[in-house]
> 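Here it is, the structure in full.
So you know, we letter chains A, B, ... as the sequences are listed, proteins then strands, and number each from 1.
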Number of protein chains: 4
Amino acid sequence: MRAAIIGATGYGGAELIRLLHNHPEIEVSSVHSSSQQGTNINESYHHLKNIVDLPLEAIDPVGIRQKAELVFLSTPPGVSKDIIPGLLEQGLKVVDLSGDLRLKHREQYEKWYGLPAAKEALLEQAVYGLTEWEKEKVANATVISNPGCYPTASLLGALPLVKEKLVDPSSIIIDAKSAVSGAGRSAALNFHFPEMNDNFRIYKVNEHKHIPEIEQGLKSYDERFDTITFSTHLVPMTRGIMATIYAKATSPITEKSLRELFQDCYEKSPFVRIRPEKEYPSTKEVYGTNYCDIGVTYDERTGRITVVSVIDNLVKGAAGQAIQNVNIMLGLEEKTGLDIIPLYP
Amino acid sequence: MRAAIIGATGYGGAELIRLLHNHPEIEVSSVHSSSQQGTNINESYHHLKNIVDLPLEAIDPVGIRQKAELVFLSTPPGVSKDIIPGLLEQGLKVVDLSGDLRLKHREQYEKWYGLPAAKEALLEQAVYGLTEWEKEKVANATVISNPGCYPTASLLGALPLVKEKLVDPSSIIIDAKSAVSGAGRSAALNFHFPEMNDNFRIYKVNEHKHIPEIEQGLKSYDERFDTITFSTHLVPMTRGIMATIYAKATSPITEKSLRELFQDCYEKSPFVRIRPEKEYPSTKEVYGTNYCDIGVTYDERTGRITVVSVIDNLVKGAAGQAIQNVNIMLGLEEKTGLDIIPLYP
Amino acid sequence: MRAAIIGATGYGGAELIRLLHNHPEIEVSSVHSSSQQGTNINESYHHLKNIVDLPLEAIDPVGIRQKAELVFLSTPPGVSKDIIPGLLEQGLKVVDLSGDLRLKHREQYEKWYGLPAAKEALLEQAVYGLTEWEKEKVANATVISNPGCYPTASLLGALPLVKEKLVDPSSIIIDAKSAVSGAGRSAALNFHFPEMNDNFRIYKVNEHKHIPEIEQGLKSYDERFDTITFSTHLVPMTRGIMATIYAKATSPITEKSLRELFQDCYEKSPFVRIRPEKEYPSTKEVYGTNYCDIGVTYDERTGRITVVSVIDNLVKGAAGQAIQNVNIMLGLEEKTGLDIIPLYP
Amino acid sequence: MRAAIIGATGYGGAELIRLLHNHPEIEVSSVHSSSQQGTNINESYHHLKNIVDLPLEAIDPVGIRQKAELVFLSTPPGVSKDIIPGLLEQGLKVVDLSGDLRLKHREQYEKWYGLPAAKEALLEQAVYGLTEWEKEKVANATVISNPGCYPTASLLGALPLVKEKLVDPSSIIIDAKSAVSGAGRSAALNFHFPEMNDNFRIYKVNEHKHIPEIEQGLKSYDERFDTITFSTHLVPMTRGIMATIYAKATSPITEKSLRELFQDCYEKSPFVRIRPEKEYPSTKEVYGTNYCDIGVTYDERTGRITVVSVIDNLVKGAAGQAIQNVNIMLGLEEKTGLDIIPLYP
């Protein structure tokens, strides 16, 4: 299977190249960029020199079809929705890592993204690829909308509780912390090293684009869910997300049954690892890999459950989950090309 | 005024030395340590060479009284409560930076600290020095119990809402993030550079010693308060705490009135800076200083208020607030020796 | 004494504001910027809110003279040389933190900076303000050219050996390492947090603008000096420079006499601290201060001397040394406003 | 092929586990530790949970032989030399990642390590595994002494010049910078996060154990080499080494011929990447991989050549090179299991 990557110069694109290099069934046949055509991808990323030697090409569906059966799009907001129809016409399979096809209601997209939404038909065709919860749909998909990084960490942590209706829908608060690579590769003052190093920021309070995506995900498993409180912070580190999730339990629950709930829920999910009682994951423990590590506890004093969910934002939160979805879509073993050990330390 | 520092080899002690070096009215006359007597403080801290030249001495109240009128204790849990009575007998004024005198109920201390509590009389005599909220008591105190770093950030952010009964007492969740200096100067695997760098941890979920201290503080301004949910995280940085505080508003409130509430509340507090609408502080913006910067917003969708409160854990969260308290206790201008600009970047 | 700061929005300017805030004799009366006129300096730097409240003004010598007697320029290359003559005409004293007046030979400036050089007369008038070595000239100066950050660390470390002709002039190699704030406040891909964090770079090998400045400084104390080898590296940290200086001793020397040489040389220099045998300074030990800490050793195996010199690039390498020079120029005690303890940790 | 790892709880051991997980021909059959027997390796390293499930066993050559044909030792100084003879008796192949067998002259080891040296016979049998330069010997080895991290970066950078006698033997200075993981996993004050973050240190000036190893390596390709100057610094980052190597050219050389020399020298070395003119590698560009990236330039002003050589200290500087050596020893393709792309950013 040959794959093209559109938007290859961003961090998501670079991570697809890294991970697919060790995928036994998928080969990167071409890389595409609207801004840096004509240069080699290894001029944008010196770490690829002597390993990957591909020119950045224009985005042409017909040309892409001649070299590939599959396309990954890792493009800024508002771009992929106009490219994908042309790719589908050529009979290509598509995984969209951008947010363009994630929100099922067009008005939600237009409100939170401030851009025109994709066509209804495309939104309907797109399968939301939160792998662990949508395996069947993913298996039959032609277009996959790959989840956002924050929604991946948040939903994998919250859904086991939500699905079983164990928590009060109005009580959910998600306090999320992300590494700076989540902001992409464009230099800006806030991400200038001396401004971000030894610093901790909060940003986009109650305004992050991922809020409606998380709400949509929760609602799809318990329709009583409406709005949530969701805050995003920037940590002076390169990779990793932690979502600390708070919810009121509808009734008291033991540590043991709480843990069994999560373990049962993810029994067949090789990339979700549930920690034993009193143990919580750190972001570095999934560094560079597709794992989502989860710790969970119940506080008798307050009646609240705390779930701690960590991922690598560029892997399980982007390129890794995209490949996991493709594996399932192609009928391959889910872990193909992704069975690697976190880089620690 | 001459001051002795007991427990001078920890970060709190070193920070007292740094700040008092530029205090026009207080001079460090001696430093004390139970573990490193006989060596010079500048052997523990090379940055003090050619500036501070003091031997670490044994802890002897009579000897201390000959050189000082004031004592700062920056000792591990369980130590200061046994030293302070002897210091008071000598007529010394005392500021305790440890947690020994913070909890008014002895059984609370014994439950959360796992150590024998201080005597009732000493607890009654000690004034809880959350400066902005206790100026009068501080002014008349002989023994000040200096607040913990997390409680300082949390209470300064939450109390304006609590005092006015604007939030549902059962709804408060505080998600706190601290720099690693908060863990003290003892090397341990979790704080070993390669394990902590590029990493983000959660720790002591629902078990942190500062929980009862925050609850006690909230309760003292609205007795309907009982338990809160409080989580602590470690950020890969040296200094700084951010407390992200979530609370359900009892009724809708405008951004304008919310901001006015905070501004009025801290009008006479030179170290608390309230940010304008849509602006939130980062930890680096108070680096090395006694400021507490606060941002606040109300989310109409969820009815929740989010308060963001940042401090330097070693200054406003320890040595700086201690000096601020002493200034008030001595009748000096509150900012004496603390009127410095944050180190940025 | 009132001072204006031109180029106040860069890190050098911000650091002048920080340090002068605690200077008893100098007050910042106005701040100037060619790019951000009309906004308040505390909009560029939120850490200044509630402390410094100054609008950024246009650069007008006559207007400046009405409010100030002294001007600091912290401008990009090629700017100050055209502004200073107008300031001098108004009778203002000037300290230039840029590189425009550092090289005495115009062709050197034009070769290394790639810009037209300042007029000969201005270059002659300007005193090179490496304080410890030029106190007399500084005391009588009207225009001070403040040294570069790398030359400050390098020359303070090398000159004691050079002046005594203890090393072979052709043997000097300086391997310098700088924090990222040395690159200024303009965001760029190389300084984008995810690219610089957990990374170590070398840059401008044999091409750094500071090479001729260091060579000029060495030559002025031993004219046999000609070219040196000088390399610059970027360390993933905010502040600090270390220069590791290697030189062949002309004859064997003992550790003791080597140390005495340095101690004698800097006996009257309160900001230079010589470390005892086998002890070397780290950059954090001078953090936020005007100190230059020096360690030195002789290797019998190779006959080479190694000098380790550390400074805070924004203080002793820029704003701090500028103030130290002004203190001397004004007849104040050298340490006025600079007698602070490094921020550690 | 089955492999045992002795000293599995250190960073070198953990890295062997990570890399061998994706090696198609070698499987980790057992892990051994003298200090933590009985616990599971994934208790020491939580990132291994659900992936690697191996108890830490005692070190028993007979037992090891039943499960393995190959042994990696990643032990502290002075340990492996006593274990290896027993392993060889059992017919096991051995790769020693410690320094015990690197120095061919026993008195050198005893001088620099301060410990009794290995027996002469064992030293003679051991092949120094600087792969690119010793492929033939490695192919026929039974015991491989894996090079130190600093010597790997230094020798790969310097040997092309040394072998061709292009540089003055007495002129070599190597200024090396290492990430903190090079110090191992034992917590200590110098590596405590608040002390090392935003800090840059020099250490063991002229006293590092790797000095005689580098000198021995240089001498083996040009016997005129005797002593070198070598300095080591700690960078606040997790992984990576940069060696900046300075040497006087015996005669002027063009950039082009310099580059061709390096390219020819490493033409058949897939892990050494030579950069084009004016381009220098950063440590992050080899992060997590076995690559050694080299930049080189000649300065006409000084007649000096500067070589910049970067590696990941835990991979090419330890576990990766060990596996590369085993590949060659076993007749496998050199890149087997190591053909991965650096983790960037």
> Kindly indicate whether the side chain of A:Ile51, heavy atoms from C-beta on, has any atom under 4.5 Å from the side chain of D:Pro342.
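Counting from C-beta outward, A:Ile51 and D:Pro342 do come under 4.5 Å.
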> Roughly how far, to the nearest 0.5 Å, is the CG atom of D:Leu343 from the CD1 atom of A:Ile340?
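Separation between the atoms: 8.5 Å.
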> Is it the backbone or the side chain of D:Pro194 that comes under 4.5 Å from a heavy atom of chain A, or both, or neither?
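Contact with chain A: none, neither part.
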> On the 0 to 90° scale, with breaks at 30° and 60°, tag the D:Tyr45-A:Tyr344 ring pair as parallel, tilted or perpendicular.
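Perpendicular: the ring planes of D:Tyr45 and A:Tyr344 meet at over 60°.
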> Starting at NZ of A:Lys284, measure out to OG1 of D:Thr238 and round the result to the nearest 0.5 Å.
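The NZ atom of A:Lys284 sits 4.0 Å away from the OG1 atom of D:Thr238.
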> Would D:Asp339 and A:His21 count as having a side-chain donor-acceptor pair, cut-off 3.5 Å?
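Note: D:Asp339 and A:His21 side chains meet the donor-acceptor criterion.
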> Pick from A:Glu15, A:Arg275, A:Arg185: which one has the most heavy-atom pairs with chain D under 4.5 Å?
A:Arg275
> Specify which of A:Asn50, A:Thr289, A:Val52 makes the most heavy-atom pairs with chain D at under 4.5 Å.
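The answer is A:Asn50.
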> Can you say whether A:Pro236 sits under 4.5 Å from chain D via the side chain, the backbone, both, or neither, judging by heavy atoms?
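No part of it gets close to chain D.
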> Within a strict 4.5 Å, meaning less than it, do heavy atoms of the D:Pro345 and A:Arg239 side chains meet?
yes
> Tell me, side chain or backbone of D:Ile17 under 4.5 Å from chain A's heavy atoms, or both, or neither?
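Both parts, backbone and side chain.
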> When you measure from the side chain of A:Arg273 to the backbone N and O of D:Lys49, does any donor-acceptor pair fall under 3.5 Å?
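A pair under 3.5 Å: yes.
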> Is the number of heavy atoms from other residues, nucleotides or ligands under 6.0 Å of A:Lys335 NZ greater than 12?
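Count over threshold, so yes.
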> So what's closer than 4.5 Å to chain A heavy atoms on D:Arg18: side chain, backbone, both or neither?
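Contact with chain A involves both backbone and side-chain atoms of D:Arg18.
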